[in-house]
Amino acid sequence: MKNQGSMADLPLDNNALACTYAALILHDEGLEIDASKILKLTQAAEVEVEGFWPGLFAKTLARQDMNKLLTTISGGGPAGGGGGGGGGGAAAPAAGGGAAPAKEEKKKAEPEPEEDEDMGFSLFD
């Protein structure tokens, strides 16, 4: 395969991306994530990374639970405005009405579950 450019032609975050993939491969294989193994994988992929990246990733990931990192969804920053608040609760029963009308009203308020509609596409096609 012909080398299509130098490291200077690549965006700066490719160093981190290459180390991330290497760390994921090591984790998937059940191996310890250390700088020498990350460097070996990036070299095998013919990706040059600056010397500090493998060590930085190895030290950072040594303090982390990789399974937790992979399964925890992070917002990654401040969230935009959330959804509006829900509607108020049911009105208090009228005097002398008792609790029976509230139960009947609750039954009416529960909509039947909708079936999944085919929208003409699938996420997995």
Side-chain angles (χ1 to χ4, degrees):
M1 180 179 260
K2 184 179 175 184
N3 190 357
Q4 296 185 3
S6 69
M7 192 64 188
D9 297 334
L10 299 175
L12 294 176
D13 65 346
N14 276 354
N15 287 286
L17 187 61
C19 290
T20 299
Y21 287 144
L24 287 171
I25 291 168
L26 291 170
H27 173 71
D28 191 50
E29 293 297 319
L31 300 172
E32 180 184 354
I33 299 172
D34 65 28
S36 63
K37 291 177 184 172
I38 291 173
L39 185 60
K40 189 174 182 178
L41 278 171
T42 57
Q43 288 172 343
E46 297 181 4
V47 177
E48 292 181 32
V49 295
E50 293 182 47
F52 69 91
W53 283 102
L56 180 68
F57 268 76
K59 286 181 183 178
T60 301
L61 294 174
R63 298 182 299 229
Q64 303 294 323
D65 177 7
M66 283 292 289
N67 289 324
K68 186 176 179 182
L69 282 174
L70 294 171
T71 58
T72 303
I73 299 174
S74 174
K103 278 187 178 180
E104 191 174 313
E105 200 172 312
K106 188 175 182 180
K107 287 182 183 178
K108 290 179 186 176
E110 291 180 16
E112 293 183 24
E114 296 180 23
E115 294 182 23
D116 293 336
E117 295 180 25
D118 184 15
M119 299 182 84
F121 67 91
S122 172
L123 295 174
F124 303 106
D125 285 340

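In this chain, residues are counted from 1 in sequence order. Below, each value reflects all heavy atoms present in this structure, side chains not excepted, and no hydrogens, waters or symmetry copies.
- Two residues are said to be in side-chain contact when any heavy atoms from C-beta on lie closer than 4.5 Å; Ile25 and Leu31 fail this criterion.
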Which atom pairs, one a donor and one an acceptor, fall under 3.5 Å between side chains of residues 32-40 and the rest of the protein, sequence neighbours left out?
| unit_1 | atom_1 | unit_2 | atom_2 | d |
| --- | --- | --- | --- | --- |
| Asp34 | OD1 | Ser36 | N | 3.4 |
| Asp34 | OD1 | Ser36 | OG | 3.0 |
| Asp34 | OD1 | Lys37 | N | 2.9 |

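- Closest non-hydrogen pair, Cys19 versus Pro54, comes out as SG-N, 3.9 Å.
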**OP:** Please report the C-alpha distance between Asn14 and Val49 in whole Å, then the side-chain angles of each, then the deciding distance to 0.1 Å, and finally whether the side chain to side chain contact (heavy atoms under 4.5 Å, CB included) criterion is met.
**Re:** CA-CA 8 Å; Asn14 276 354; Val49 295; over 6 Å; no
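- Going from atom CG of Leu26 over to atom CZ of Phe57 covers 12.5 Å, rounded to the nearest 0.5 Å.
- Counting only heavy atoms from C-beta outward, the side chains of Thr42 and Asn15 never approach each other to under 4.5 Å.
- Every pair passing side chain to side chain donor-acceptor pair (under 3.5 Å) that includes a residue from residues 62-73 is listed here, sequence neighbours excluded: His27-Asn67.
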